[in-house]
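Computed from heavy atoms alone, side chains included, the values below leave out hydrogens, waters and symmetry copies.
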Amino acid sequence: MMDMIANANTMVSACQSKVLAISMLLFATATCIDAIYLPGVDPHSFRAHDVVPLHVGKLTSSAALFPMDYYGLPFCRPAAGVHHLDQNFGQLLAGDRTSTSPYELRMQQEVYCQQLCSMDLGSAQKDGTEPNTIVAAIQNAYHHHWIVDNLNSAAVMKPKNKTATNYWQGFPVGFVSAKDGLAYVNNHVNIIVTFHSEDFEPDSHRIVKFAVEPLSIKHDFAPAETKGEEGFDGVIPDQFEILNPLESSKKDSREHTTRRMTTAKGRSAQLASGPVLFTYDVIWIEDPFTRWASRWDIYMSNDDTIPFSRCWQQLFRGLVDMIVMLIMITAILCHNLQKQREQYGPILTHVATVEDSISLPEDQHWRLVCRDVFRPPPPTAALLLSAACGTGAQLFSTSSLVIIFGALGFLNPARRGSLMMGWILFFVLSGTVNGYVTARLYKTLRGGAWRWAKLTACFMLPVPAVVVFAFMDLLSWRMGSTLAVPFMSALAVCAILLAFHVMFVSAGARFGYSASPVESPMPISDVPQQIPKQPRFMNPFITTIACGIFPCTLIFAELTLILANLWKGYTNYAFGYTLMVFILFAIECAMISILVAYLQLCNRDYHWWWRSFCTAGSPVIYIFIVVIIFGTRHLGISSVEAMILYYGYMAFFSLCAFVMLGAVGFFATFWFTLKLYSTIEDADGHETSGKESELTLDKGSLHERQAVLDQA
């Protein structure tokens, strides 16, 4: 008895140590939420009058969802022609296409209403006719994404007579008037560049902020007499004569264009049709406080647009829930240990009489299935379960590595495409985890079709991923989007990645098959017990629906941020907070799975293998509900193609989350079951072992005892 109390105290101390370790890890992560910033390029310093390149990126829309090439619309082109910058595979998959622009910027050189070029935007907007490309882009709320010194453009807007700067989504191509319903193009931009002078070299300057204020100005213009070339061809011409000049466009003006000028009496906005003159101002502002190393901070926090106080409240609530469930599981283990020799020791492995079995309280009925709890599922189910758990372990290790490297600063917005590249790289390398877990678990479940198990692990996720990607790629080609990847390039890259994936999975499987299987603490009976009728609340559908809501309360705020990152152009790189949420969410899913499995065993239902997997993956149901709500409320999807793109990709991501969380819950439940049944001792006081204990009851007595128990 004293030994059992000592063992119980040891387990309590161990659980307390784990709680303390988890709390210290979360505290350390919290202090590192502002992750170390490791820039993608070295700082670039400019001297006065140095050329500062301005590049244009893709056009994006939260309604159409398909990004477009900037020069797919009739915008001004550089005189030397359009040149596309090199891009990595991550940028290629994301549709990021960066090109040169005709805008000329020189450090500390102000520009006042400089003429860029004139373009014919197409036919006027009329009911019953198809709108021109610019009008269609404005109606679908497309936004520009410009880049200066690897810094994204913010948008200086004036909603409801208040000036605000948005650090996401870029700035709009134009707007639709609420009065007449016509589309107006933003043909003038104020390019505002903020720089910081270096302390050790005052003549050297670094850019720390970049914003654009879009304006719509109707310029009445005519070709100047000195103009030698034909206009309206998209090439920068000689100057035009503006017939209704602003104060800023007059000769020798030193006043920048303001919104007040564009809304003065007699002025009007520029319709998105016919010949249009494009102009721009360049404004330089010195900021002595913002350093180059911290210039991305305001982008990462989206200028505190999303209140993080709500995120911290959900995180604290999740931490409390996790501690409560951990205490409950610890109490269950200690309770069973203390009762082991007090009352139920003689009937733990040898159910001698029916009366002894009936005398067990309900919270000890899990002991009655000690000979069946580790009975493997059918061969096909065992193969699929092993491959699913291996794939889930691969996804979990991939997600963990991506979040950790993001928190350390290696995956940041300055390294464009690095997040996608990191995910692909870590997924391929984690194939060893997939192969090892699949092989060893399949060996534990006494499976014999090892080659089929390895092949299933290799292609369980890549095949659906390739099918979804190929379909979406064809859809992107049809829509003329930059998301479309050339067929041969996509085929070559997919073949290379798949070959490496198969190689790493095979290597992991080789180690898994050579490792010893996990030994069950109890021997398995020859004849399985009959499972009694289960209570209504233990219905698999009810437990799956009910248990999924608890972990999801923790991630609603973070899930909204992730969706805004993916589909609305937000730049949220708070990986420290994401890491904490990820850890707590995984622990809560594991604990929910353990509690449901314990209740299931107490009701003498030993089919826990797949049920623990599905219980832990049940939060994905509510995740997808949040996806639907986000798509209807925040995106305003405008076409069937955009709906297919959004819900197709999100359904695939939800499936990946289900497999990952299911694997976490399964392994947690497996560990709990091993620990729970390893506490059982035989009548002589020795712990049972699958190698030492043998079932003493014959088949006839087992059937007889089971019938009496069911009748009682």
Donor-acceptor side-chain pairing of Asn88 and Arg416 below 3.5 angstrom: no
Sub-4.5 Å side-chain heavy-atom contact between Ile424 and Leu497: yes
Side chain Gln108, main chain His49, donor-acceptor under 3.5 Å: no
Centroid-centroid distance, Trp567 to Phe630, less than 6.0 Å: no
Pairwise distance CG(Leu73) to CG(Leu121) - rounded to 0.5 angstrom: 9.5 Å
Single hit among Phe278, Phe75, Trp146 for ring pair (Phe, Tyr, Trp, His ring centres under 6.0 Å) with Tyr103: Trp146
Ring center gap for His144 and Tyr70 short of 6.0 angstrom: yes
Polar contact flag, side-chain donor to acceptor under 3.5 angstrom, His145-Thr60: yes
Side-chain H-bond candidate by donor/acceptor type, Ser45 with Arg206, under 3.5 Å: yes
Side-chain donor-acceptor contact under 3.5 Å, His188 with Thr279: yes
Ser216 (side chain) donor-acceptor with Gln270 (main chain) under 3.5 angstrom: yes
Close side-chain approach of Phe221 to Glu241, heavy-atom, < 4.5 Å: no
Asp86 and His84 side chains, donor-acceptor separation under 3.5 Å: no
Phe426/Phe405 aromatic ring centres below 6.0 Å: yes
Between Asn190 and Arg259, a side-chain donor and acceptor under 3.5 Å: no
Leu85 side chain near Ser99 side chain, heavy-atom distance below 4.5 Å: no
Value rounded to 0.5 Å, distance of NZ in Lys126 from OG in Ser273: 10.0 Å
Side chains of Thr482 and Asp69, donor plus acceptor under 3.5 Å: no
Ser476 and Asp473 side chains, donor-acceptor separation under 3.5 Å: no
Min side-chain heavy-atom separation His196-Trp292 under 4.5 Å: no
Any side-chain donor near an acceptor of the partner, Gln91 and Asp96, under 3.5 Å: no
Main-chain N/O of Ser61 paired to Asn140 side chain as donor or acceptor, under 3.5 Å: no
